[in-house]
Amino acid sequence: MSIYVGNLSYEVTESALNEVFAEYGSVKRVQLPVDRETGRMRGFGFVEMETETEEAAAIDALDGAEWMDRTLKVNKAKPRR
DNA sequence: GTTGAGCGTT
């Protein structure tokens with residue numbers, strides 16, 4: 001299972017995102033996809049935690065929270081197709 | 001600025 005993190009600033013880095021989520025559990029993986037054509041940030045990312053309990057805690061704590069002057073959108077990610 | 005990649009093998 002992974003977490004979707006939307007409405008991110010283009011200035012956010014994977015390590016910065018990692019630090020925020022690490023407050024609620026062990027971050028297993030962080031990914032900030034860039035547009036393959038333009039090489040620009042897409043404004044969202046994905047985070048995987050060690051357990052579903054930690055993921056739920058992070059989603060509950062960070063969804064709707066303000067970070068880097070943006071209101072985060074955090075929820076369970078859809079499986080990649 | 002709202003759901004990732006590559007695909008000839010992650």
Side-chain angles (χ1 to χ4, degrees):
Chain A
M1 163 163 172
S2 54
I3 305 170
Y4 165 83
V5 187
N7 201 35
L8 290 173
S9 165
Y10 287 154
E11 301 182 37
V12 168
T13 63
E14 289 186 352
S15 57
L17 199 59
N18 191 315
E19 286 177 25
V20 173
F21 278 78
E23 282 188 56
Y24 307 97
S26 303
V27 177
K28 203 193 279 188
R29 171 184 176 179
V30 177
Q31 184 175 42
L32 291 178
V34 295
D35 189 293
R36 204 155 57 81
E37 305 290 308
T38 67
R40 285 171 215 180
M41 305 285 299
R42 300 194 61 182
F44 64 90
F46 293 91
V47 177
E48 288 179 33
M49 310 287 288
E50 205 55 56
T51 69
E52 290 187 31
T53 302
E54 291 170 338
E55 294 186 337
I59 291 170
D60 184 63
L62 297 172
D63 184 37
E66 277 192 28
W67 187 58
M68 306 293 281
D69 288 323
R70 308 199 66 82
T71 303
L72 297 180
K73 307 295 183 182
V74 185
N75 55 265
K76 189 170 75 60
K78 312 196 275 198
R80 192 159 45 72
R81 285 159 298 172

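Lettering follows sequence order; numbering is per chain, from 1.
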- request: Under 4.0 Å between any heavy atoms, over every strand shown, what does A:V5 touch: base, sugar-phosphate, or nothing? Just pick one.
  value: nothing
message: Mind checking if A:R29 touches a base, just sugar-phosphate, or nothing, with heavy atoms under 4.0 Å?
response: nothing
Integer-rounded Å distance: B:dT3 P and A:K78 NZ: 7 Å
- line: Among the nucleotides B:dG1, B:dT2, B:dA5, whichever has the atom closest to the side chain of A:R42 is B:dA5
A:Y10 or A:R36, whichever maps to the more 5' nucleotide of DNA chain B: A:Y10
task: Please work out if A:L8 contacts a base, only the sugar-phosphate, or nothing of the nucleic acid, heavy-atom cut-off 4.0 Å.
output: base
task: Mind checking the CE-CD1 spacing from A:M49 to A:I59? Nearest 0.5 Å is all I need.
output: 9.5 Å
message: Counting only heavy atoms from other residues, nucleotides and ligands, does the tally under 6.0 Å from CG of A:D35 exceed 12?
response: yes
message: Counting the atoms with a prime plus P, OP1 and OP2 as sugar-phosphate, which does A:F44 contact under 4.0 Å by heavy atoms, base, sugar-phosphate, or nothing?
response: sugar-phosphate
statement: Separation of B:dT2 atom P from A:L32 atom CG, nearest Å, is 15 Å
field: Gap between atoms CE and P, on A:M41 and B:dT3 respectively (whole Å)
entry: 14 Å
message: Using the C1' atom as the point on both nucleotides, what is the distance between B:dT10 and B:dA5, in whole Å?
response: 8 Å
query: Applying the side-chain contact (heavy atoms from CB on, under 4.5 Å) test to A:E14, which of A:L32, A:V27, A:V47 qualifies?
result: A:L32
- prompt: Does A:V34 share a hydrophobic cluster with A:Y10, counting links as ILVMFWY side-chain heavy atoms below 4.5 Å and allowing steps through other members?
  reply: yes
field: Of A:G6 and A:D35, the one whose closest DNA chain B nucleotide lies more 5'
entry: A:G6
message: Rounded to whole Å, how long is the line connecting atom CD of A:E48 with atom C1' of B:dT3?
response: 13 Å
task: For the side chain of A:R80, starting at C-beta, report the closest nucleotide among B:dG1, B:dA5, B:dT2.
output: B:dA5
